[in-house]
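In what follows, chains are A, B, ... by sequence order, proteins preceding strands, each numbered from 1.
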2 protein chains.
Amino acid sequence: MRVSGLSSISGVPVATIKYYLREGLLHRGATTSPNQARYDDTHVRRLRLIRSLVEVGGLPIATVRDVLAAVDDPDTPVHAMLGKAVYAITADTDDDQDDHHDRAVAEVEAMLARNGWHVSEHAPARRSAASVLARMHRLGQERFTAKLDDYARAAERIAEADLAPVADLQDRGDRAEAALVGTVLGDALLAALRRMAQESFSAKHFPPTTDRE
Amino acid sequence: MRVSGLSSISGVPVATIKYYLREGLLHRGATTSPNQARYDDTHVRRLRLIRSLVEVGGLPIATVRDVLAAVDDPDTPVHAMLGKAVYAITADTDDDQDDHHDRAVAEVEAMLARNGWHVSEHAPARRSAASVLARMHRLGQERFTAKLDDYARAAERIAEADLAPVADLQDRGDRAEAALVGTVLGDALLAALRRMAQESFSAKHFPPTTDRE
DNA sequence: GCATGTGGATACTGTAACTATCCGATAGTG
DNA sequence: CACTATCGGATAGTTACAGTATCCACATGC
């Protein structure tokens, strides 16, 4: 298969495929002549993965390159690769280092302790959670503090569902890719489920009279 | 307070504040002279909200304008405003209309039926969930189908925690803003909690020997 | 044998989100 | 009251990102 075939199967324009090749997101095809190469279904798979990370996850192309390089590198442990992806996904929302931030950090720590979670001191998710919580406080939305444990318990169940199937995978590459997809696309799936659950819950407990037109 | 004061309090550059004024994201200050205006803490609050939606939620400026216009308009029902925000947040990941997509749609419908959820036929979250699920299938990640109910039950608990406090709010504007922040920043908070839960669960059930270096 | 397509390099485009400059007018200081 | 910093508002410029488009010498396949 050559570029045009890869393009029509994947729906990605030829020019864009060339761009991804150039940027190192997609491995080159097997060259049969100075200006001829063959692509196979590994390219199709990879292209699909790239598009999902970009379109659903919103990752910048440069990040996708780094993450995929980590996926491909057998020396990179899976958790390190995921850390990279997760760190990339999580916008580094500059924390303002004010009272709200300090309070948010303390609340996250208290929540971890209450629930018996063991999370690295330097996990980006810690900073991220505290940063978002601090923003909520600054916006006058204090109610999340009280609900943190409810969210945490839900997150626990989700994490359990996330990890069990991944642990069964033998091949390192498969496991890395599964973890990556689960993390990035999983966020989008969960967000959609949350919306539907909200709508359903709202319809059930607040009959559509005043609030719902 | 004038722009420079607003700028130093909020940390947003003057030029950017002017840009937001121009684009209609921020209401103009009370003009005291042809070229002089006073800003108050409603501007500070609004600015914080804008930055959160942009930096955490990743919403485009044009969308933020539309969403905030809906928040401000007393004639827009809260759920319509939220629908706008939710629709904006959820990238319209073009569904490829193939077998995978059809199957994903069916799986989402089955899940809704099994859990007794009442969700509008045209809810964007439906399309979004199906679209993400279809992508997972195309990537060879089938395990999510089996886990859909686990995720759904977690989403139910989250939705419950989300909605209860919002229902208490009396003022329409407060309620709209609370729902908006809860939806947009809530996604980010939940994603961070999920990461931490994964790390904690992983450490607990897969002792750090082989996989975790 | 010749139109069609190829890999690869280079240059260009479009959009989004600011950022900088300029203007005449005002505010607050001394 | 003079005067300098700052203001609001308009306009133009910048940067970053993610592609697109063009060009080329060469291959393929009818």
Side-chain angles (χ1 to χ4, degrees), chain A residues 1-40 43 46-68 88-89 91-94, chain B residues 1-40 43 46-68 88-89 91-94:
Chain A
M1 184 199 315
R2 285 163 303 173
V3 252
S4 62
L6 187 55
S7 171
S8 62
I9 287 181
S10 63
V12 179
V14 172
T16 304
I17 294 176
K18 287 185 173 188
Y19 168 58
Y20 290 159
L21 285 166
R22 218 158 52 229
E23 294 296 314
L25 278 80
L26 189 62
H27 48 293
R28 298 233 112 105
T31 49
T32 59
S33 327
N35 72 334
Q36 217 70 186
R38 270 182 322 119
Y39 301 94
D40 54 35
H43 295 89
R46 177 51 60 98
L47 219 34
R48 278 205 271 257
L49 181 55
I50 293 169
R51 297 301 278 200
S52 285
L53 296 180
V54 168
E55 291 176 11
V56 179
L59 303 197
I61 255 65
T63 303
V64 173
R65 174 186 46 231
D66 295 348
V67 169
L68 291 181
I89 252 181
D92 39 327
T93 67
D94 50 353
Chain B
M1 186 197 315
R2 285 163 304 173
V3 254
S4 63
L6 187 54
S7 171
S8 62
I9 287 181
S10 64
V12 178
V14 172
T16 305
I17 293 176
K18 288 184 173 187
Y19 168 60
Y20 290 158
L21 286 166
R22 222 161 44 233
E23 294 297 314
L25 277 81
L26 190 62
H27 48 293
R28 296 236 115 102
T31 49
T32 60
S33 325
N35 71 334
Q36 216 72 189
R38 270 183 320 118
Y39 301 94
D40 53 35
H43 294 89
R46 178 51 61 98
L47 219 35
R48 278 204 270 256
L49 181 55
I50 293 169
R51 296 302 279 199
S52 285
L53 296 180
V54 168
E55 291 175 12
V56 179
L59 302 198
I61 255 66
T63 302
V64 173
R65 173 185 47 230
D66 295 348
V67 169
L68 291 181
I89 253 181
D92 40 328
T93 67
D94 50 352

Closest to the [X] side chain, choosing from [options]:
X     : options                : result
B:P60 : D:dG9, D:dA21, C:dA17  : C:dA17
A:Y19 : D:dA18, C:dG24, D:dA21 : D:dA18
A:I61 : D:dA18, C:dC18, D:dC7  : D:dA18

5'-most contact on DNA chain C (nearest-nucleotide basis), B:P34 vs A:V14, goes to A:V14

Give A:A37 one of three labels, base, sugar-phosphate or nothing, depending on what nucleic acid heavy atoms sit under 4.0 Å from its own. sugar-phosphate

Quick one: [X] [atom1] to [N] [atom2], roughly how many Å, whole number?
X     : N      : atom1 : atom2 : result
B:R65 : C:dC18 : CZ    : P     : 13 Å
A:N35 : C:dT4  : CG    : P     : 18 Å
A:L21 : C:dT10 : CG    : C1'   : 16 Å
B:I17 : D:dC7  : CD1   : P     : 10 Å
A:L26 : C:dG7  : CG    : C1'   : 13 Å
B:L59 : C:dT15 : CG    : C1'   : 17 Å
B:K18 : D:dG9  : NZ    : P     : 9 Å
B:E23 : D:dT11 : CD    : P     : 13 Å

Looking at [N], I'd like to know if its phosphate oxygens (OP1 or OP2) sit under 4.0 Å from a side-chain N or O belonging to [X].
X     : N      : result
A:S4  : C:dT6  : yes
B:S33 : C:dA25 : no
B:R2  : C:dT26 : no
A:Y20 : D:dG19 : yes

Side-chain-base donor-acceptor pair under 3.5 Å for B:R22 and C:dT19: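 Donor-acceptor pair under 3.5 Å: yes.
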
Select from B:R28 and A:T16 the residue whose nearest nucleotide in DNA chain D is closer to the 5' end of that strand. B:R28

Distance col, row A:S10:OG vs A:Y20:OH, nearest 0.5 angstrom, shows 9.5 Å

